[in-house]
Amino acid sequence: MSCRKRCKRELLKFAQYLFRLITGTLNTDSVEDELELSAVRHRPEGLEKLEAQTRFSRKELQILYRGFKNECPSGVVNEDTFKDIYSQFFPQGDASTYAHFLFNAFDTDHNGSVSFEDFVMGLSILLRGSVQEKLNWAFNLYDINKDGYITKEEMLDIMKAIYDMMGKCTYPILKEETPRQHVDMFFQKMDKNKDGVVTIDEFIDCCQNDENIMRSMQLFENVI
Amino acid sequence: MAAGVAAWLPLARAAAIGWMPVANCPMPIAPRDHSKRQDELIILNVSGRRFQTWRTTLDRYPDTLLGSSEKEFFYNEETKEYFFDRDPDAFRSVLNFYRTGKLHYPRYECISAYDEELAFFGIIPEIIGDCCYEEYKDRKRENAERLMDDQEENKDSKLPNMNFRETMWRAFENPHTSTMALVFYYVTGFFIAVSVITNVVETVPCGSTPNQKDVPCGERYTVAFFCMDTACVMIFTVEYLLRLFAAPSRYRFMRSVMSIIDVVAILPYYIGLVMTNNEDVSGAFVTLRVFRVFRIFKFSRHSQGLRILGYTLKSCASELGFLLFSLTMAIIIFATVMFYAEKGSSSSKFTSIPASFWYTIVTMTTLGYGDMVPKTIAGKIFGSICSLSGVLVIALPVPVIVSNFSRIYHQNQRADKRRAQKKARLARIRIAKTCSSNAYLQRKRNGLLSELLDLTTSEEEQQHLNKSTSLLESQHHHLLHCLEKTTSLSLSLSLSLSLSLSLAVSQAHEFIDEQMFEQNCVESALQSYPSRSPSLSSQEGFTGTCCSCRSRKSIPLPNSSMSTTHTHTQGLQELSALHIQCAEQQGHSSSRSSLNMQPNEVGRFNCRERQITTAIISIPSPPAPIPEGDGHGPPNPGPSISTTASSNIVKVSAL
């Protein structure tokens, strides 16, 4: 908008304000309009449908939903709430960046909020899925722009976010180049054709050949 | 980690899979949940109202009663629920805390009751959510202030051993404690008034002689006024010195406001005495006389309202300061403006800015003397703006000061009222308490009765006796009895108690016969104890009568069983009262006479009358003056009674 137009608008507003001042009209409550954010109310799909889509039993779904609804009475989690909740598990560091990536990984339809279906689908993959599915999910997490390739920059971002969660007081002290070194190590391991990016096949292949990773994938079987 | 988000821990753990591919080191083994309980509903029965919740809801806060294994102590096996004998209304907020993670303070609850509930359930009050925290803190502060008020009043109670100095200080601080203090209080008040009036009247022109102009009274009757002044100052000096002597901390007293006022009130006189009638210093002397008006502040010791006012001003110091500051700012601004506005006009009174201060102050406080008025148009415009703004600036802090004063004044009123009611309240509470604490000693006598007489009492009477004491009481009594046995001392009632008792029982005339009955039996029982008293000879007679008592006892039994337990205890009360009175070592002749009166009232039992009196006399109690001079049994000194048990018993009677 041009300067002239802006000045004109400002002048008009000031004139209006003076007029209201002199005649003594009451201030309309303009504040409340802004607070009328759409109160999102989301109801999940039926229990049977979710039972079919996920690998949880009816009872487990009930327990999950109760916990979910308790924290988020409106039925959806937006990013700030998610960051809040996740940060409470890591009080010593700053978990907001990683929470942001996690949120994007859970929010499969990318509408800015995680509903109960997203929540439970994600959990179903992570806890009851096959190794392939889990690795798929992890790849999806690392691939920030969801283009099918993990670049060094993306990996560096993820790595920094993970190290941020540790906080300042670590032993040995976190050095500047540690995340970068870690990323280099990762790429050395994963990037077979040395093209600077890791594709999904490279990733899955490499992980399946690594015993440690395979073993740790089974770690959280009994979470629910 | 806030336990409220415990529900999301599974998510966080599941998401940890995202770290696995990038991890360098192998992962630790995950903990297993061995107690794999299905989430179950828990029933919490709070005084009959049933609350139900999931177990995991309660597990969210493991450091509280409900969240930890402490609740197992309250588990009721038969009904399979947890029973708490607490207030169900307050429990609502407690349970909501588990559900929502926020603790709310319900406004209708009493603050101390709520605190107790929180303490019981192991929840710290600091968790109260922001929405209710202000309210909670305010109520708590009010409560604490009130309790502190009460405690301060307790300090007024007279300590048993106060030396002269402390008594004097107490008399000064609270004139209502003794007549002397009250007299002193009024005398000083009178003299303050006299002094102030003298100062005022001194300056009034009284009567003019024809060839002189009006002279003030002070110069006409110099001697009279001087004497009056001297007298007042003497009184004030004496008072000040006495207070100084009596003060517990002299240094602190000298620093206090009232003492400074006292000093300022009497100092001018002494300075005037010391100084000669020099012309140069008389000017200064006159100035000093002004300070005599400070004597009027001495009234604040006599008037609570003045003290409150002073206290209010002190507590509103910031508001007053703000008022002053804003006024000063406004004065300077407007004075400057007026000065420059009026600079042009001729013969303007606004000669300088400081000169304009006077106009501004007079205008802003809406006084408007009219000795300085603006003449130019600009001056008039600014002058009107000045007077309008003056009203606003002054009106703003005034409500704050007024509300502060009102609050403090009402607080004081309430404190006074409470103090007045306190005496009555405490007396009532004391009576209630003493009635229950008597029960032990009565019971002891009951026990004695049954022990010594070896009564083969009928079942009814036994039940009768036992009915009047609950299990709790009997256990308490047993405990006290054990203590007595341990220390080989015995508990006794105080005199005041006994008097109140006897007063309480004096109305029970119609049950006299039973009382006499029991009285006799007890006395004979007491006398049947082996003692070296020469009244032994009479003892046989007593045992004889005791048997007769016993035989006769069977007759009125039906009556007694029909009568209420209240009567029974009443009889025993009288009994104990009688014994107390007789054994009282302070030689209360009044009580003795009343003692003798009661047997006399019961004219029918003449034969017993004699027995009664003699029995009383022959109770071996150390220096008890014997009333009837029967010559019976000189008071056996206590130590002559060898057995400890007997000493116990004797002492009981010697109460």
Side-chain angles (χ1 to χ4, degrees), chain A residues 59 62-64 66-71 73 77 82 84-86 88-91 95 98-99 101-102 105-106 119 122-127 134-135 137-142 155 158-159 162 182-183 185-186 189-190 203 206-207 210-224, chain B residues 1-42 52-62 67 95-104 127 129-131 385 388:
Chain A
K59 226 174 165 112
Q62 280 178 336
I63 295 175
L64 278 172
R66 266 187 257 128
F68 183 82
K69 183 102 176 155
N70 212 18
E71 278 309 308
V77 194
F82 187 81
D84 222 5
I85 294 172
Y86 198 73
Q88 297 200 32
F89 294 112
F90 304 99
Y98 191 70
F101 296 134
L102 254 189
F106 270 98
F119 176 75
L123 275 186
S124 167
I125 296 175
L126 286 170
L127 299 176
K134 288 184 195 175
L135 289 172
W137 190 89
F139 186 84
N140 197 30
L141 172 69
Y142 301 145
M155 205 57 223
I158 299 268
M159 202 59 75
I162 294 180
H182 203 144
V183 171
M185 238 174 3
F186 178 77
K189 205 163 48 162
M190 301 280 166
F203 182 71
C206 187
C207 288
D210 189 332
E211 266 186 39
N212 269 343
I213 297 180
M214 282 293 109
R215 198 177 19 241
S216 53
M217 282 289 157
Q218 316 299 325
L219 203 61
F220 294 109
E221 295 283 275
N222 310 310
V223 168
I224 296 287
Chain B
M1 188 199 80
V5 291
W8 287 73
L9 188 57
L11 173 81
R13 294 183 71 199
I17 288 184
W19 304 334
M20 302 301 139
V22 294
N24 290 336
C25 335
M27 291 289 146
I29 305 177
R32 289 188 154 269
D33 184 12
H34 289 287
S35 64
K36 193 86 173 120
R37 289 188 300 233
Q38 286 287 27
D39 201 8
E40 45 168 346
L41 274 179
I42 296 188
Q52 292 182 328
T53 182
W54 296 110
R55 183 177 286 274
T56 46
T57 312
L58 294 181
D59 287 340
R60 282 200 200 141
Y61 296 97
L95 195 53
N96 275 336
F97 167 61
Y98 287 92
R99 292 183 182 136
T100 60
K102 291 206 265 290
L103 182 63
H104 295 283
I127 298 187
D130 289 335
C131 42
I385 298 179
L388 285 172

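Chain letters run A, B, ... following the sequence lines, proteins first and then strands; every chain starts at 1.
Residues Leu11(B) and Phe82(A) have side chains in contact (heavy-atom distance under 4.5 Å, counting atoms from C-beta outward).
Residue contact with chain B, scored on non-hydrogen atoms closer than 4.5 Å, is absent for Phe139(A). Contact annotation for Phe101(A): neither backbone nor side-chain heavy atoms come within less than 4.5 Å of a heavy atom of chain B. Proximity to chain A is limited to the side chain of Trp54(B), based on heavy atoms less than 4.5 angstrom apart.
What you find for Ile17(B) and Leu126(A) is that their closest heavy atoms are CD1-O, 3.2 Å. Here the closest non-hydrogen pair linking Gly18(B) and Leu141(A) is CA-CD2, 3.8 Å. In this structure, Leu123(A) and Ala14(B) approach most closely via the heavy-atom pair CD2-CB, 3.5 Å.
Leu135(A) CG to Met20(B) CE: the interatomic distance, rounded to the nearest 0.5 Å, is 11.5 Å.
With chain A as the partner, the residue from Pro28(B), Ala15(B), Pro21(B) showing the most heavy-atom pairs under 4.5 Å is Pro21(B). Put simply, of Arg66(A), Met155(A), Glu211(A), Met185(A), the one with the most heavy-atom pairs under 4.5 Å next to chain B is Arg66(A). Considering only heavy-atom pairs separated by less than 4.5 Å from chain B, the leading option among Phe106(A), Tyr142(A), Trp137(A) is Tyr142(A). Note: His182(A) leads Lys134(A), His182(A), Met217(A) in heavy-atom pairs under 4.5 Å with chain B.
Sparse packing is recorded around NZ of Lys102(B), with 12 or fewer heavy atoms of other residues, nucleotides or ligands lying under 6.0 Å away.
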